[in-house]
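Before any comments, here is the structure.
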Amino acid sequence: MKDSSVESKTIKPDGVVEPNKDQKIWLVVLAIPRGKVASYGQVAAMAGLGRQARYIGRALGKLPQGHSVPWYRVICSNGQIAFAPGSERYQEQVSHLQEEGVDVVNGRVSMSRFGLS
DNA sequence: CCATTGACGTCGA
DNA sequence: GTCGACGCCAATG
């Protein structure tokens, strides 16, 4: 089936927007198996966003506290970390990845680590 | 409404 | 392999 982009914005009369898209992205990220990683573009494609890879980062940036979303498993398509080395988020991401068995060298992850199911 | 920016991606030099 | 430029789309000022 082709769910053409028929997604309405799902805006409520109150003016409150329902982050349906963001939620879907989080679900996709949650689907990433442990010890592996996925690129923004890959996640975007799975979420049905197509080329809006940038939206992934935005959605993850909106992540509230208490979430169980392994955002650290999401990296650039070239296998490099999206954040700048030395940044707090960068260090946190690398920490989680290494803990899951992912080798991070020079701010880079082995492309072989790409995979979902 | 226009301009700027951003947790990206792909192509070319 | 590294750098620069353009494209994509949405949020923000």
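Residue numbers begin at 1 in each chain, while the letters A, B, ... track the order of the sequences. Computed over heavy atoms, backbone and side chain alike; hydrogens, waters and symmetry mates excluded.
- The CG-C1' distance, from A:Asp22 to B:dG6, rounds to 15 Å in whole Å.
- Taking atom CD of A:Gln80 as the reference point, atom C1' of B:dG9 lies 14 Å away to the nearest angstrom.
- Considering only side-chain atoms of A:Gln52, the nucleotide from C:dA11, C:dA10, B:dA7 that sits closest is C:dA10.
- Listed nucleotides B:dA7, C:dA10, C:dT2 differ in distance to A:Arg108; the shortest reach to its side chain belongs to C:dT2.
- Atom CG in A:Asn78 sits roughly 13 Å away from atom C1' in C:dC3 (whole-Å rounding).
- Side chains of A:Trp26 and A:Ser68 form no contact here, defined as non-hydrogen atoms less than 4.5 Å apart.
- Following rounding to the nearest Å, A:Tyr40 (OH) and B:dA7 (P) show an atom-to-atom distance of 9 Å.
- Regarding A:Met46, its CE atom lies at a distance of 13 Å from the P atom of B:dG9, rounded to whole Å.
- In this structure, A:Asn106 and A:Arg58 both approach DNA chain C, and ranking their closest nucleotides by distance from the 5' end singles out A:Asn106.
- The residue A:Gly41 sits close only to the backbone: its heavy atoms come under 4.0 Å of sugar-phosphate atoms, none of a base.
- Of the candidates C:dA11, B:dG9, B:dA7, B:dA7 carries the atom nearest the A:Arg89 side chain, counting heavy atoms from C-beta on.
- The interatomic distance linking A:Ile81 (CD1) with B:dG9 (P) rounds to 12 Å, in whole Å.
- A salt bridge links A:Glu100 with A:Arg73: the distance from a Lys NZ or Arg NE/NH1/NH2 to an Asp or Glu carboxylate oxygen falls below 4.0 Å.
- Only one option out of A:Asp103, A:Ile81, A:Asn78 pairs with A:Val109 in a side chain to side chain contact (heavy atoms under 4.5 Å, CB included); it is A:Ile81.
- Within the 4.5 Å cutoff, side-chain heavy atoms of A:Tyr40 are placed close to those of A:Leu60.
- Taking 4.0 angstrom as the limit, A:Ser77 places a side-chain polar atom (N or O) nearer than this to OP1 or OP2 of B:dT10.
- For A:Arg54, taking side-chain heavy atoms from C-beta onward, the closest of the listed nucleotides C:dA11, B:dA7, C:dG7 is C:dG7.
- In terms of polar N and O atoms assigned as donor or acceptor, the side chain of A:Tyr55 never comes within less than 3.5 Å of the base of C:dA10 in a complementary pairing.
- With rounding to whole Å, A:Phe83 atom CZ is found 12 Å from B:dC8 atom C1'.
- Crowding of A:Glu99 atom CD: a count of heavy atoms from other residues, nucleotides or ligands under 6.0 Å not exceeding 12.
- Rounded to whole Å, the distance from CG on A:Leu60 to C1' on C:dA10 is 15 Å.
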